[in-house]
Amino acid sequence: MLDRRSAPRRFLNETGSISIDEHRSLPCIVYDRSLGGVRVALPEAEIVPDRFVLSIDASNEILICRSVWRKAEEIGAATSELETGRSARPSIRRELEPV
């Protein structure tokens, strides 16, 4: 079988979640990942929008994904890294104006 990936994949088998809107997320399994791509499995793959946010629990990564292919319970998606490590988020500070 011809492998058309531009980068080698790394098998993960890690838990994660897919945010499908601002109020709802679905648990998933991240089976493998390559530079620029990911394969996830979840029972309700058909309700996931073409663009979604994927959180990988073990590495605390948050990825913006675009669906490239779908099967009944799997999605192959192209990724662009949003953030590595949730602890790396910049803190939001409000400066108080002098009274």
**Prompt:** I29: which other cluster members, linking ILVMFWY side chains closer than 4.5 Å, directly or transitively?
**Reply:**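 Y31, listed by chain and number.
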Atom [atom1] of [X] and atom [atom2] of [Y]: how far apart are they, to the nearest 0.5 Å?
{"X": "E61", "Y": "I56", "atom1": "CD", "atom2": "CD1", "result": "5.0 Å"}
{"X": "L35", "Y": "R10", "atom1": "CG", "atom2": "CZ", "result": "10.5 Å"}
{"X": "F52", "Y": "L26", "atom1": "CZ", "atom2": "CG", "result": "10.5 Å"}

Flag side-chain contact, heavy atom, 4.5 Å: [X] against [Y]:
{"X": "E74", "Y": "R39", "answer": "yes"}
{"X": "S25", "Y": "I20", "answer": "no"}
{"X": "S17", "Y": "S55", "answer": "yes"}

Item checked: side-chain hydrogen bond (donor to acceptor under 3.5 Å, both in side chains) partners of E46, counting only residues at least two apart ->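 With neighbours one apart ignored, the set is empty.
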**Report entry** Under the side-chain hydrogen bond (donor to acceptor under 3.5 Å, both in side chains) test, residues paired with T15 that sit two or more places apart
**Finding:**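 Scan of T15 (side-chain hydrogen bond (donor to acceptor under 3.5 Å, both in side chains), adjacent residues dropped) gives D57.
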Exercise for the section: Identify which one of L54, V53, I47 satisfies the side-chain contact (heavy atoms from CB on, under 4.5 Å) criterion when paired with I18. Expected result: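 The single option meeting the side-chain contact (heavy atoms from CB on, under 4.5 Å) with I18 is L54.
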Could you pull out all residues at least two apart from E73 that satisfy salt bridge (charged side-chain N to carboxylate O under 4.0 Å, His left out)?
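Residues passing salt bridge (charged side-chain N to carboxylate O under 4.0 Å, His left out) with E73: none at all.
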Side chain to side chain contact (heavy atoms under 4.5 Å, CB included) evaluation trace for L42 with I75: CA-CA 8 Å; L42 68 160; I75 299 173; 4.2 Å; yes
- Query: Who pairs with R66 by side-chain contact (heavy atoms from CB on, under 4.5 Å), at least two apart in sequence or on another chain?
  - Reply: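 Checked R66 against side-chain contact (heavy atoms from CB on, under 4.5 Å); matches are R51, V68, A78.
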